[in-house]
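Report on the following structure.
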Number of protein chains: 2
Amino acid sequence: MTLSEEDYIKVIYHLGKNENGTVSTNAIADRMETKPSSVTDMVRKLSEKGFVNYKKYKGVSLTEIGTKTALTLVRKHRLWEVFLVEKLNFPWDEVHEVAEQLEHIKSEKLVDKLDKHLDYPEVDPHGDPIPSKNGAFKKSIKKLMNEIPIGANGVCVGVKDSSPPFLKFLDKNNIALGDSILILDKEEFDESLHIRINGSDIHISSQIASNLYLRITE
Amino acid sequence: MTLSEEDYIKVIYHLGKNENGTVSTNAIADRMETKPSSVTDMVRKLSEKGFVNYKKYKGVSLTEIGTKTALTLVRKHRLWEVFLVEKLNFPWDEVHEVAEQLEHIKSEKLVDKLDKHLDYPEVDPHGDPIPSKNGAFKKSIKKLMNEIPIGANGVCVGVKDSSPPFLKFLDKNNIALGDSILILDKEEFDESLHIRINGSDIHISSQIASNLYLRITE
DNA sequence: ACAAATTTTTAGTTTTATCTAAATTTTTAT
DNA sequence: ATAAAAATTTAGATAAAACTAAAAATTTGT
């Protein structure tokens, strides 16, 4: 199997965003199911082309242009996922593989028109944010939550990235993101969560609750 | 540039459908902007894999499975072109290059769902027919025209494949395929065509007329 | 701080695609 | 029918990607 520069850039992006942005040769090799020596070769090439910063034995990180390239790929991937689910009625859990191919189609105009066709979505079907054309993400959920004014006993609930089970749960209960959610019984949080959404009470299992961000006034 | 098996199969299909189906090494090389010796190598490979019949010095033709593969590619290409024009509002003359990439996406389910989403179109934006899933074309325009009953002085007009200028002309004059067209002055056919469409008279230049199929009662 | 373990790079090999140039086969023209 | 021209294949060269095994650098544990 022959891996493309874009495949490498994407992996470096995804591995790098957890830490300080520097990724090891072996980590890349493991993720891509290739050999470290092959990674060294490719990383040299990417460095010569200006996509990564590379110092021997010291790992790789994306340059500004490398990051831009990665974000464009993420944007394309997630827009295509929205298309597959919303327009073609694919199930959520089947879109990744196809989007993995579609993201490599080269046409800026196509992406712009797709974005418009989908009415400029901000998240993909898994709840992950879609970077804007210039590579900016919407503020993260955590940041947004911190900006919402909540009262003395207030609670703010957000949904973590990549939580299909919880999104399915919301869907089933006719709850859309942005609805006001009030936690009634904070005490029982370990087992289940008793909350009031849109005026009706619902119990949430702790497993699903683990997919939530909570911000509670001190 | 590294050419794929699919690229070769497509070219053999398109070159072969004019003649008896057998295509020469040089014709392929010319079309693909590669060298005849490279074609020989690839054709051997395709032959081993069962996509083509190949006898040294005697040219290549597609096997049944090769033809099926080619038709699937044509189907995908044309469906994507419909999508680009009808859903994303691309201009007709810009879709080919993008469809050339999209046709290589591998997912049978995607093609089925795209077909449904587009409401099972029978022609692409250039008027070329879209093969069905099992590889069958609708009857050709010529065949259809021969089945239409026309009177003593009747004329039947069809649009040839790949004639964007004429389609643009039709569009501009609010003429849809299937409208009845009556040729008034057959005599002047060499320079321009004087026809009556939907009750109003129109002159067609001979250049545009060259994109028409005509069937005139003897 | 240092030896052992781990990680990463280097050197050289293999595989694959494509090319050039020469050899072979087929076609064309008289 | 045969010589010349054209088309096609073969043989060998080049380039790129990925591998194996050995060498070098870094990190870890005491």
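Order of the sequence lines sets the chain letters (A, B, ...), proteins ahead of strands, with each chain counted from 1. What you see below is based on every heavy atom in this structure, not just the backbone, and it leaves out hydrogens, waters and symmetry mates.
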Holding to side-chain contact (heavy atoms from CB on, under 4.5 Å), I want the full list of residues that pass it with [X], two or more places apart in sequence or in another chain.
| X | answer |
| --- | --- |
| A:V82 | A:E86, A:L118, A:P121, A:D124, A:P125, A:I130 |
| B:D41 | none |
| B:E94 | A:K109, B:F90, B:P91 |
| B:S37 | B:K35 |

Quiz item: Should the pair A:W80 and B:W80 be assigned to parallel (<30°), tilted (30 to 60°) or perpendicular (>60°) ring geometry?
Solution: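 Rings of A:W80 and B:W80: perpendicular, over 60°.
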Quiz item: With under 30° as parallel and over 60° as perpendicular, where do the rings of A:H96 and A:H77 fit, or are they tilted in between?
Solution: tilted
Exercise. Give the nucleotide from the list C:dT20, D:dA18, D:dC19 with an atom nearest to the side chain of A:T2.
Key: D:dA18
Practice problem: Measure from the side chain of A:D41, starting at C-beta and using heavy atoms only, and say which of D:dA21, D:dA18, D:dT9 lies closest. | Solution: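 Selected nucleotide (nearest to the side chain): D:dA18.
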Check whether any side-chain N or O of [X] sits under 4.0 Å from OP1 or OP2 of [N], and answer yes or no.
| X | N | result |
| --- | --- | --- |
| A:T40 | C:dT9 | yes |
| A:S38 | D:dC19 | yes |
| A:K35 | C:dT8 | no |

Self-check item: Verdict with supporting geometry, A:M1 and A:M32, side-chain contact (heavy atoms from CB on, under 4.5 Å)
Solution: CA-CA 10 Å; A:M1 185 51 189; A:M32 305 188 77; over 6 Å; no
Quiz item: When we call it a touch if two heavy atoms are under 4.0 Å apart, what does B:M42 touch: a base, just sugar-phosphate, or nothing?
Solution: nothing
Practice problem: Return the residues of residues 23-34 of chain B meeting this criterion: a heavy atom under 4.0 Å from some atom of DNA chain C. Order them by number, or give none. | Solution: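 Those residues whose heavy atoms fall under 4.0 Å from DNA chain C, taken from residues 23-34 of chain B in numerical order, are B:T34.
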Quiz item: Is there a residue in residues 50-59 of chain A whose heavy atoms reach under 4.0 Å of DNA chain C, and which residues are they?
Solution: A:Y54, A:K56, A:Y57
Practice problem: Answer whether the closest heavy-atom distance between the side chains of A:K113 and B:N89 falls below 4.5 Å. | Solution: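 When only atoms from C-beta onward are counted, B:N89 and A:K113 do touch, with a gap below 4.5 Å.
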